[in-house]
Participant: 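Before I ask anything, let me first share the structure, which is written out below as structure tokens.
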2 protein chains.
Amino acid sequence: MLPDDMDAVFLALGHRDRRRMLDLVRAHPGCCPRDLEDQFPFSRIALLKHLRVLERAQLLHSEKQGRQRRLYLNVVPLQLIHERWTTDFSSLWAGKLTRLKYQVETTSTPSKRKQKHG
Amino acid sequence: MLPDDMDAVFLALGHRDRRRMLDLVRAHPGCCPRDLEDQFPFSRIALLKHLRVLERAQLLHSEKQGRQRRLYLNVVPLQLIHERWTTDFSSLWAGKLTRLKYQVETTSTPSKRKQKHG
DNA sequence: AGCATAAGTAACTAAAAGGTTACCTATTTA
DNA sequence: TAAATAGGTAACCTTTTAGTTACTTATGCT
């Protein structure tokens, strides 16, 4: 997964209403934008834009059916991120080590750097 | 974890350079902003701002030591999100079911809604 | 045919993000 | 003590986000 794609996913998730949209679509696969409309405090247009953000991040997939657009959750990006982060931050996600801060362990001294002026 | 806090975490992660900062701090716990400076294409001030974003999201913790500020990774927010999402999207994260789209399963018909004009 | 509905586009506004330069403060250390 | 260094603020600029209203398009139904 490219960094830009990962940006898109995290940014898409960085909005509570968008997360709620995912929840709703998961709970009602195949629902349409119109169905979600009442659930949010903003206009239909704003809703459509949020859905676009989720689609760009590939968290949602949609297909046109008649005059409606039906929405489906796509969990692949979530799975890829999960994999990536359980690999890179392996022990950290695990939750088995419940130390609050990483510093408790190996704490390195800040490197003494060369002076710049020479 | 409050929705706003979760927003902060996801938004903080939605930038490749900030993710790289986390990687670096994880690899060098206790390092200082100055140590990270050369690693990024932007100015020191920009770096400081990014670090603030990560601190606001509580992904980084810092403590002043002399004239330096030492940085530490805090994995708690990651763990909390991981928990939340493995609960809510439980089967989805798992990766065991590798269906590409969720729609393959229970697909509900979009609800026929009451007409508005009455 | 003709109206109601679902969706999409355009154009605009306000606020937030991401960056900059210039300047200030506080510790080291030669 | 004085210079170099690490960090922090202020003020500003540009781009992106998030929202709006107004209008258009296309489908479905009576």
Side-chain angles (χ1 to χ4, degrees), chain A residues 3-4 7-21 25 28 30-57 60-72 109-118, chain B residues 3-4 7-21 25 28 30-57 60-72 109-118:
Chain A
D4 282 352
D7 284 3
V9 175
F10 279 124
L11 291 177
L13 293 174
H15 195 294
R16 56 182 300 175
D17 291 313
R18 283 199 290 260
R19 288 194 300 275
R20 201 148 62 81
M21 287 175 203
V25 172
H28 307 283
C31 67
C32 315
R34 183 67 184 81
D35 297 320
L36 305 176
E37 206 174 314
D38 303 333
Q39 306 295 319
F40 297 94
F42 38 68
S43 73
R44 182 179 60 89
I45 317 301
L47 172 72
L48 289 181
K49 287 192 183 181
H50 282 301
L51 292 176
R52 295 290 175 216
V53 172
L54 291 168
E55 284 190 76
R56 252 187 285 132
L60 283 187
H61 167 250
S62 77
E63 35 188 67
K64 200 81 189 240
Q65 185 171 313
R67 64 178 163 178
Q68 298 180 318
R69 217 173 90 230
R70 309 195 62 177
L71 303 169
Y72 305 99
T109 46
S111 63
K112 186 123 188 179
R113 43 180 54 252
K114 273 197 304 214
Q115 306 214 160
K116 243 177 184 172
H117 73 84
Chain B
D4 282 352
D7 284 4
V9 175
F10 279 124
L11 290 177
L13 292 174
H15 196 296
R16 56 181 301 175
D17 291 313
R18 282 197 291 258
R19 288 194 299 275
R20 202 148 61 80
M21 287 174 202
V25 172
H28 307 283
C31 66
C32 315
R34 184 64 184 81
D35 296 320
L36 304 176
E37 207 174 314
D38 303 333
Q39 307 293 319
F40 297 93
F42 37 68
S43 72
R44 182 179 59 91
I45 317 301
L47 173 71
L48 289 181
K49 287 194 184 181
H50 282 300
L51 292 176
R52 295 288 176 217
V53 171
L54 291 168
E55 284 190 76
R56 253 187 285 130
L60 283 187
H61 167 251
S62 77
E63 34 188 68
K64 201 83 189 245
Q65 184 171 314
R67 65 177 164 182
Q68 297 180 319
R69 217 173 90 229
R70 310 195 62 174
L71 303 169
Y72 305 99
T109 47
S111 64
K112 186 122 187 179
R113 44 181 53 251
K114 273 199 303 212
Q115 308 218 154
K116 243 176 184 173
H117 73 84

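The basis for the numbers below is simple: all heavy atoms, side chains too, and nothing from hydrogens, waters or symmetry mates. Numbered from 1 within each chain, the chains take letters A, B, ... in sequence-line order.
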Participant: Under 3.5 Å, is there any donor-acceptor pair linking the side chain of A/Arg44 to the base of C/dG8?
Facilitator: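 By the distance-only test, yes, there is a pair.
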
Participant: Is the base of D/dG19 touched by the side chain of A/Lys49 through a donor-acceptor pair closer than 3.5 angstrom?
Facilitator: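 When only heavy-atom distances are counted, A/Lys49 does reach the base of D/dG19 through a donor-acceptor pair under 3.5 Å.
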
Participant: Nearest whole angstrom, please: distance from the C1' of C/dA7 to the CD of A/Glu55.
Facilitator: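 After rounding, the reported distance stands at 12 Å.
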
Participant: Take atom CD1 of B/Ile45 and atom P of C/dC24, then tell me their distance rounded to the nearest Å.
Facilitator: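 The distance from CD1 of B/Ile45 to P of C/dC24 comes to 14 Å, rounded to the nearest Å.
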
Participant: I need the CG-P distance between B/Leu51 and D/dT9, as an integer number of Å.
Facilitator: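 For the pair B/Leu51 CG and D/dT9 P, the rounded distance is 13 Å.
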
Participant: Considering only heavy atoms from C-beta outward, does the side chain of A/Arg69 approach that of A/Leu48 to under 4.5 Å?
Facilitator: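 Contact flag for A/Arg69/A/Leu48 side chains = yes.
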
Participant: Figure out the CG/P separation between A/Leu36 and C/dA6, and round it to whole Å.
Facilitator: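 After rounding, the gap between these two atoms is 13 Å.
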
Participant: Considering just the side-chain nitrogens and oxygens of A/Arg67, establish if one lies under 4.0 Å of OP1 or OP2 belonging to D/dC29.
Facilitator: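 For D/dC29, OP1/OP2 do not have a side-chain N/O of A/Arg67 under 4.0 Å.
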
Participant: Using whole Å, report how far NZ of B/Lys64 lies from C1' of C/dA26.
Facilitator: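 Interatomic distance, NZ of B/Lys64 to C1' of C/dA26: 7 Å.
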
Participant: Just the rounded figure in Å: distance from P of D/dT17 to CG of A/Leu54.
Facilitator: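 Atom CG in A/Leu54 sits about 13 Å away from atom P in D/dT17.
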
Participant: If we ignore hydrogens and angles and just use 3.5 Å, is the side chain of B/Arg18 paired with the main-chain N or O of B/Ala12 as donor and acceptor?
Facilitator: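 It does hold such a pair.
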
Participant: Has A/Arg52 got a side-chain N or O lying under 4.0 Å from the OP1 or OP2 atom of C/dG8?
Facilitator: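 For C/dG8, OP1 or OP2 has a side-chain N or O of A/Arg52 closer than 4.0 Å.
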
Participant: What nucleotide among D/dG8, C/dA7, D/dA18 has an atom nearest to a side-chain atom of B/Arg69?
Facilitator: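 Nearest to the side-chain atoms of B/Arg69, counting from C-beta on, is D/dG8.
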
Participant: Is the A/Phe40-A/His50 ring centre distance short of 6.0 angstrom?
Facilitator: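 Ring centroids of A/Phe40 and A/His50 are no less than 6.0 Å from each other.
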
Participant: Between B/His50 and C/dA17, is there a side-chain N or O to OP1/OP2 distance below 4.0 Å?
Facilitator: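 Checking C/dA17 against B/His50, no side-chain N or O comes under 4.0 Å of OP1 or OP2.
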
Participant: Reckon B/Arg18 has a side-chain N or O less than 4.0 Å from the OP1 or OP2 of C/dG18?
Facilitator: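 Answer is yes, contact under 4.0 Å.
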
Participant: Taking the side chain as every heavy atom from C-beta outward, state whether A/Arg19 and B/Pro3 have any pair of such atoms under 4.5 Å apart.
Facilitator: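 Counting from C-beta outward, A/Arg19 and B/Pro3 do come under 4.5 Å.
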
Participant: Rounded to whole Å, how long is the line connecting atom CZ of A/Arg70 with atom C1' of C/dA7?
Facilitator: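 About 15 Å, once rounded to whole Å.
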
Participant: In whole angstrom, what separates A/Gln68's CD from D/dT27's P?
Facilitator: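 Between P of D/dT27 and CD of A/Gln68: 12 Å.
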
Participant: Does A/Arg34 make a side-chain N or O approach to OP1 or OP2 of C/dA6 shorter than 4.0 Å?
Facilitator: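 Looking at the OP1 and OP2 atoms of C/dA6, one of them is under 4.0 Å from a side-chain N or O of A/Arg34.
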
Participant: Heavy-atom nearest nucleotide on DNA chain D for B/Leu11 versus B/Leu48: which residue maps closer to 5'?
Facilitator: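 Looking at the nearest nucleotide for each, B/Leu48 comes out on the 5' side.
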
Participant: Quick one: is D/dG19 close enough that its OP1 or OP2 comes under 4.0 Å of any side-chain N or O from A/Ser43?
Facilitator: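 So the side chain of A/Ser43 is outside the cut-off, no N or O lying under 4.0 Å from OP1 or OP2 of D/dG19.
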
Participant: So do the side chains of B/Leu13 and A/Leu13 get within less than 4.5 Å of each other, counting heavy atoms only?
Facilitator: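 No, too far: nothing below the 4.5 Å cut-off.
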
